[in-house]
Structures are given as C-alpha cells and as structure tokens.
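Structure in structure tokens, see below.
Note that ligands are numbered from 1 as they come in the structure, with each ligand's atoms numbered from 1 the same way.
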Amino acid sequence: METRYLTIRREAPDEEIMQIAAALLREGRLVAFPTETVYGLGANGLDCAAVKAIYLAKGRPSDNPLILHIAKPEDAARLAREINANARALMAAFWPGPLTLVLPRRDSVPDAVTGGLDSVAIRLPNCPVARRLIELAGVPIAAPSANTSGRPSPTTAQAVIDDLAGRIDAVLDGGPCGIGLESTVVDCTTPVPTILRPGGITREQLEAVLGEVEIDAALTQPKETPRSPGMKYKHYAPKAPLFLFEGEAEATAAALLAEVKAALGRGEKVGALVDETTALLLPQETVTVCYGPRGDIKAAAARLYTALRSFDRQAVAVIYATGVAEDGLGLALMNRLRKASGYQIRCIKGGVDHG
Ligand code: TXA
Ligand code: MG
C-alpha cells in the first residue's frame, strides 16, 4: 500500500486535509497523526478489524492494550462504566493533555482494544490536529505510538515513515512533538490512583491534585511484573547496546569520558548522549548527540527519541548516555533511558564507580 503524506499546520489545521484523514479513519484505515507527546497510529477504536490492523502494522503483541483517544471529556462516559472522584479530579486538572486514565470498561469497548482486560485506557490529547481529527472521525480513536513495536517512539512524521511506510494509509505531518515522551498512564481503579507509566504529567502534578499517588512496583523494581502490559516488553531500544551512567553530573561525565576513550581505543564507532557541558569534553571522533543544556530536562525529553534513532542511522557500535535527576519530567525520562539500556546501568558516586 502507498502511504499518503499529508502536511498540516499544527496550530491551525487545514480543514480539507483533516476531512480526508477523518474519512480514512471512518473507513477503517490507519492514519498516523501528531499529538503533544509522540505521533500516534490511529484507527477507529470501535472497529475490531481496524484495531487488529494496528497490531499487524506495528508487529505489536496482541495482549498489549491500546489507548482510546477522545475529543471531549463527556465522551469518556461512553467507554468507562464508572468515573470516580479521583478520575474526575484528574480530568478537570489535566485534560486536554498528556494524561491517560485507566478506568473500568464498558462492554461496548472491543476486546481487541483492551487485550481482554476489564479496564480501558482513555486520553484527551491537547494537540489541535489530534483533537480535530478525533472530532471529525466521530468515534474514539485507538492509537499506540506510531513506531514498529520495540523501537523508540516517533516524535516526527519522518520517524513514522522510517518505521511504517507502506504499512499504513496516511501520515499527517504536523511537525515535531513538543513533549517528546508519552502520556502518563494512571490507574484510577485502585483506591489510591497508581502511576503505571510515568510521562508528560509529573508525579508532583498528580500529587498536587490527589494528595497521594502510588507508583507501580515494576517501575522501581524491574523484576516485578508491571500492571501496564506494555511496560513488560523491551522498549525504546536503539540498535546498538546502550550503557547508562547515573549519578552526580561531574563524576558521571568523567566516568563516561573514560569509557568513551576506551571504546575509541578499541577502534569502535562510539555514540554518546550527553548534556552540552559533557559534550565539550568528548573526543572529536565521538558521535555525540546533545540533550541540551545541563539540567534542562524538558529539552532532553523532547530530544530523547530522535537522538536514539539518529544513533541507528549512524550505525554506532555502542552508546554511552548520562542520566538526569528523577524529579518532574526526569522520572519519565529515566524510565525510558533505563529501558532503552536494558538495565545496563552504572551508578557513579563521587568519582568512584560502584558498578
Ligand atoms: O502519549 C501517548 O500515550 C501516546 C500517544 C499516541 O497518545 N500513545 C501511547 O500508546 O504511548 P502506547 O500504546 O504506545 O502505550 C500505551 C500504554 C501501554 O503501556 C499499555 O500497556 C498501557 O498504555 N495500557 C493501555 N490500556 C491499558 C489498560 N487497560 N490497563 C493498563 N495499561 C494499559
Ligand atoms: Mg508505545
């Protein structure tokens, strides 16, 4: 199949193009579109065949459920049989935006969407292209990130094309995504809401509204079985092995530099993902990709997935990356980096490597 490439202004989407894309969705076809987090691969969420086509195009395991995207908060009640006070408070505070709520499902939601679970994940995105598309389609839109399963999520239309050209009907190019990491997934079916996947809405923001939130044990102990099925799969991985250095910035930079030099000495093509200050230290032959200024976590989040993809294009043999502090958006960023590393992590303290 030929993938149609439709360019669209993100802030003022051209109505004619939006109509074309919405018509494709209504016909059961697959359309990739921008959101404020990452690009999504959309299909009519009430059409089983269309939903199954998403799994096929991505090579996604069928037990990994999809998020249904809606255009207005009232639409949630058609998909969820109960919306409790916590869920209502979160909707009021963060919708539209990068927050997905897991709620008890209604029978009308296809099993193909929920992977047979008794819950359904719902999100109201903030990007004008996404919202208009869902509105015009007139149905909830099932949309995972628009990457081949296991690859870093796409934050540009080009990244979608790199993975899915010929496998989907259209991509709407609305430019790069502002946040660059996926939405926060919060399970609202537990007495205290639980973060299943950290993302664009921070733990601190959630706590300010709810008072208390839990974090799924699997996020801190990788051996636990995650309650969000998607979190158990290898994910966000570049092709080369990635080693993550965590710890105080200066000491971590020094340890990373030593490792880069050793690998270059072995004749390897080395990739480094570091802040601008650390980048200045690295030998010229390093394939260096910068997060941005040291401590600027927003910039780092927005660049992470394009950085991981650029290492694939440059065919490096190994990647060394530094971590960031885990507060705010840093929690989500570190979650993705740790998974991308396959938990090959070196904790650096005060210049001494504690392995
Ligand atoms: O920012 C985002 O959330 C993007 C954009 C396109 O909206 N979407 C996205 O979808 O990241 P996906 O499919 O790549 O990730 C959805 C996550 C998976 O980890 C999945 O297991 C989890 O949400 N999920 C979906 N339904 C669930 C449910 N009923 N219970 C628990 N986890 C669920
Ligand atoms: Mg994904």
Side-chain angles (χ1 to χ4, degrees), residues 30-43 45 51 54-55 57-70 79-80 94-106 109-127 129-131 133-134 140-155 159-160 163-164 171-172 174 177-190 193-201 216 218-219 225-237 301 305 332 335-336 339-340:
L30 303 183
V31 178
F33 60 94
T35 79
E36 69 275 27
T37 57
V38 300
Y39 274 72
L41 177 57
V51 169
I54 289 181
Y55 286 91
K58 280 183 59 104
R60 181 177 174 110
S62 61
D63 68 342
N64 186 6
L66 304 176
I67 298 170
L68 288 179
H69 295 68
I70 56 176
L79 307 169
F94 302 116
W95 277 5
L99 177 69
T100 296
L101 300 180
V102 172
L103 299 167
R105 74 185 269 200
R106 280 193 189 282
V109 178
D111 277 339
V113 169
T114 65
L117 296 176
D118 189 39
S119 57
V120 59
I122 307 176
R123 165 157 128 81
L124 175 56
N126 189 21
C127 167
V129 174
R131 292 182 70 182
L133 182 66
I134 302 161
I141 299 299
S145 49
N147 50 284
T148 301
S149 201
R151 296 259 299 139
S153 296
T155 51
V160 176
D163 278 15
L164 299 175
V171 55
L172 281 171
C177 301
I179 296 174
L181 299 176
E182 300 84 344
S183 64
T184 305
V185 179
V186 176
D187 185 354
C188 289
T189 67
T190 48
T194 308
I195 298 176
L196 302 184
R197 178 180 72 181
I201 296 293
D216 187 20
L219 294 173
T225 304
R227 284 179 21 223
S228 174
M231 299 299 280
K232 74 174 178 270
Y233 294 106
K234 184 171 153 89
H235 227 133
Y236 318 113
Y305 290 140
N335 170 261
R336 308 305 192 268
K339 285 174 81 83

Which residue from Ala32, Pro98, Gly40 reaches closest to atom 6 (C) of ligand 1 through any of its heavy atoms?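 The nearest heavy atom belongs to Gly40.
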Ligand-side contact atoms (ligand 1) for residue partner Ile67, heavy atom cut-off under 4.0 Å: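 Reading through ligand 1 atom by atom, the close ones are 3 (O), 8 (N), 9 (C), 10 (O), 16 (C).
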Identify the protein heavy atom lying closest to atom 15 (O) of ligand 1, giving its residue, its atom name and the separation to 0.1 Å.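 The closest one turns out to be Arg197 NH1, 3.0 Å.
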Picking from Val102, Val120, Leu117, what satisfies side-chain contact (heavy atoms from CB on, under 4.5 Å) with Pro65?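 Of the listed residues Val102, Val120, Leu117, the side-chain contact (heavy atoms from CB on, under 4.5 Å) partner of Pro65 is Leu117.
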Check ligand 1 against Ser119 and write out every atom of the ligand that is under 4.0 Å from a heavy-atom position of the residue.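 Ligand 1 atoms under the 4.0 Å threshold to Ser119: 28 (C), 29 (N), 30 (N).
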Between Thr100 and Ser183, does the side chain to side chain donor-acceptor pair (under 3.5 Å) criterion hold? Intermediate values first, please. CA-CA 6 Å; Thr100 296; Ser183 64; 2.7 Å; yes
Atoms in ligand 1 flagged as close to Glu182, the criterion being non-hydrogen separation under 4.0 Å: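 Heavy-atom distances to Glu182 below 4.0 Å select 1 (O), 2 (C), 11 (O).
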When you measure from the Mg ion (ligand 2) to the N, O or S atoms of Ser145, does any of those distances fall below 2.8 Å?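 Coordinating: yes.
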Lys58 and its side-chain contact (heavy atoms from CB on, under 4.5 Å) partner, picked from Asn64, Asn147, Leu30, Thr148: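 Of the listed residues Asn64, Asn147, Leu30, Thr148, the side-chain contact (heavy atoms from CB on, under 4.5 Å) partner of Lys58 is Asn147.
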Exam field: side chain Tyr39 to backbone Cys177, donor-acceptor pair closer than 3.5 Å: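 Such a contact is absent between Tyr39 side chain and Cys177 backbone.
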Of Ser145, Pro65, Ala142, which has the heavy atom at the shortest distance from atom 14 (O) of ligand 1?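 Minimum heavy-atom distance to atom 14 (O) of ligand 1 goes to Ser145.
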Only heavy atoms count here, so choose which of Leu103, Ile122, Thr37, Ile179 is nearest to atom 5 (C) of ligand 1.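 The residue whose heavy atom sits nearest atom 5 (C) of ligand 1 is Thr37.
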Ligand 1 versus Leu196: contacting region, heavy-atom distance under 4.0 Å: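 The answer is the side chain.
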Rounded distance (nearest 0.5 Å) linking atom NZ of Lys339 with atom CG of Leu219: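 So the gap between those two atoms works out to 8.0 Å.
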Enumerated ligand 1 atoms positioned under 4.0 Å from heavy atoms of Asn64: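 The atoms of ligand 1 under 4.0 Å from a heavy atom of Asn64 are 18 (C), 20 (C), 21 (O).
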Any nitrogen or oxygen of Arg123, main chain or side chain, under 3.5 Å from a nitrogen or oxygen of ligand 1?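 Yes.
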Do the rings of Tyr236 and Tyr305 sit parallel, tilted or perpendicular, given the 30° and 60° boundaries?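 Parallel.
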Looking at atom 7 (O) of ligand 1, what's its closest protein heavy atom, distance included?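 Ranking protein heavy atoms by distance from atom 7 (O) of ligand 1, first comes His69 NE2, 2.7 Å.
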Donor-acceptor contact below 3.5 Å, side chain Thr184 vs main chain Ile201: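 A pair under 3.5 Å: yes.
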Out of Pro144, Cys127, Ser183, who is nearest to atom 12 (P) of ligand 1 when you count heavy atoms only?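 Considering heavy atoms of Pro144, Cys127, Ser183, the nearest to atom 12 (P) of ligand 1 sits in Pro144.
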Tell me, with the steps shown, if His69 and Leu133 meet side-chain contact (heavy atoms from CB on, under 4.5 Å). CA-CA 10 Å; His69 295 68; Leu133 182 66; over 6 Å; no
Only heavy atoms of Leu117, strictly under 4.0 Å: list the atoms of ligand 1 that pass.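 Counting from 1, the qualifying ligand atoms are 28 (C), 29 (N), 30 (N).
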Atom CD1 of Ile54 and atom CG of Leu41: how far apart are they, to the nearest 0.5 Å?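 The distance works out to 5.0 Å.
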Check whether Arg123 reaches the backbone of Gly97 with its side chain - one donor and one acceptor, N or O, closer than 3.5 Å.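 Yes: the side chain of Arg123 pairs with the backbone of Gly97.
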Closest protein heavy atom (residue, atom, distance) for atom 4 (C) of ligand 1: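 Residue, atom and distance for the closest contact: Val38 CG2, 3.8 Å.
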Any donor-acceptor pair under 3.5 Å linking the side-chain atoms of Arg336 with those of Ser153?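 Ser153 vs Arg336: no donor-acceptor pair found between side chains.
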Applying a heavy-atom cut-off of 4.0 Å, say which part of Arg105 lies close to ligand 1: side chain, backbone, both or neither.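 Neither; nothing of Arg105 gets under 4.0 Å from ligand 1.
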Provide, to 0.1 Å, the distance between atom 8 (N) of ligand 1 and the closest protein heavy atom, together with that atom's residue and name.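 Of every protein heavy atom, Ala143 O, 3.7 Å lies nearest to atom 8 (N) of ligand 1.
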When you measure from atom 23 (O) of ligand 1 to every protein heavy atom, which one gives the shortest distance, and what is it?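 Nearest neighbour among protein heavy atoms for atom 23 (O) of ligand 1, to 0.1 Å: Val185 CG2, 3.9 Å.
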May I ask you to identify, for Arg60, whether its side chain, its backbone, both or neither come under 4.0 Å of ligand 1 on a heavy-atom basis?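 The answer is the side chain of Arg60.
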